[in-house]
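Remember, predicted model here, so these are calculated numbers, not experimental data.
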Amino acid sequence: MTGSSLAKIASVTLLVFAVATYGWYRLRPRAPYPVARISSNTFNRMNSRGQLLGSGPDTLVIFSNYRCVYCAELFGTIDSILTTDVSSFTVRLRHFAHPSVDSSSFLASVAAECASQQGRFVEFSRWLFGNREQLEPFLGPASARASAVPNLVSFDDCFESKHTRSLVTEDLRAGMELRISGTPTILTRRRMVTARLSSRELMALVSSTK
């Protein structure tokens, strides 16, 4: 076989491979929501702080807001899954609430941080999401009483603490660094998603971290 014949065969083979690759790319299943790529370094930095839920090997970092109805739905989904099997996955929940945009959601995040110090973060978050449309009357001491936080004095001191508020501000800055456009925003080791996810879609996202 001549050199020119071999060259033609190689060219045809490359063309077929290119067409097949393009076809796979266009026809492969895609997520029904926008997905952005992030680096492992970015994920590790974002995974350095936040409230931990679950004890599974695969971690999601979630930026959330107590006013957000989709965040409430996602929290309810996560809460239900982890109540059934706490080792399904791990969530690190971070706040995305700007004090000058919605002071009530910011203060709700501060209150949740204080509840976490008494081991009541999940219970308190359930309560906050349940009252997300009218947070104002329930913040501060009243929220602690309504949601059965054990130590009211400790809660009040924490709620007024500059340190606690700085933690929520730190989360906000992290979200702004990512240029988050809405909540909930979910991070895996390779992807960032801002979307309303069903239970099935959430578990598919968890599986993609493996």
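- Annotation: side chain of Arg49 is in contact with side chain of Glu170 (closest heavy-atom distance under 4.5 Å).
- Within the 4.5 Å cutoff, side-chain heavy atoms of Leu205 are placed close to those of Val193.
- Using a 4.0 Å cut-off between charged nitrogen and carboxylate oxygen, Glu113 and Arg120 do not count as a salt-bridge pair.
- Minimum interatomic distance between Asp85 and Ser88 (heavy atoms only, all atoms of both residues): O-OG, 2.9 Å.
- Annotation: side chain of Met203 is in contact with side chain of Ile81 (closest heavy-atom distance under 4.5 Å).
- A side-chain hydrogen bond (donor to acceptor under 3.5 Å, both in side chains) with Tyr66 holds for exactly one of Ser109, Ser105, Ser125; it is Ser125.
- Between Asp58 and Thr90, every side-chain heavy-atom pair lies at or beyond the 4.5 Å cut-off.
- When hydrophobic clusters are built by joining Ile, Leu, Val, Met, Phe, Trp and Tyr residues whose side-chain heavy atoms come closer than 4.5 Å, directly or via intermediates, Leu60 is grouped together with Leu74.
- In the displayed structure, Gln134 atom CD is contacted under 6.0 Å by more than 12 heavy atoms of other residues, nucleotides or ligands.
- In this structure, Thr194 and Thr185 approach most closely via the heavy-atom pair OG1-OG1, 2.7 Å.
- In this structure, the side chains of Phe89 and Leu202 come closer than 4.5 Å at one or more pairs of heavy atoms.
- Contact of the Pro184 side chain with the Phe75 side chain is not registered, since no non-hydrogen atoms from C-beta on lie closer than 4.5 Å.
- Arg165 forms a cation-pi arrangement with Phe159, by the criterion of a distance under 6.0 Å to the ring centre and an angle within 45° of the ring axis.
- Pairing each heavy atom of Ala112 with each of Phe121, the nearest pair is O-CD1, 3.5 Å.
- We find that Arg67 and Glu136 are joined by a salt bridge, their nearest charged nitrogen and carboxylate oxygen being less than 4.0 Å apart.
- When every heavy atom of Val149 is checked against every heavy atom of Leu152, the shortest pair comes out as O-CD2, 3.8 Å.
- Placement of Leu139 and Val110 within a single hydrophobic cluster is found when ILVMFWY residues are connected by side-chain heavy-atom separations under 4.5 Å, directly or transitively.
- The shortest distance between side-chain heavy atoms of Phe106 and Thr169 falls below 4.5 Å.
- Both Met176 and Ile180 belong to a single network of hydrophobic side chains, linked directly or stepwise wherever heavy atoms of I, L, V, M, F, W or Y lie under 4.5 Å apart.
- Residues Trp127 and Ser143 are in side-chain contact: their nearest non-hydrogen atoms beyond the backbone lie under 4.5 Å apart.
- The minimum heavy-atom distance between Arg45 and Ser48, with the atom names listed, is O-OG, 2.6 Å.
- Hydrophobic cluster membership differs between Val61 and Ile186, with clusters built from Ile, Leu, Val, Met, Phe, Trp and Tyr side chains linked at under 4.5 angstrom.
- Note: the hydrophobic cluster containing Phe43 also contains Met192 (ILVMFWY, side chain heavy atoms under 4.5 Å, direct or indirect links).
- The minimum heavy-atom distance linking Leu187 with Leu178 is given by the pair CD2-CD1, 3.8 Å.
- A perpendicular orientation is assigned to the rings of Phe63 and Phe96, their planes being inclined by more than 60° (bins at 30° and 60°).
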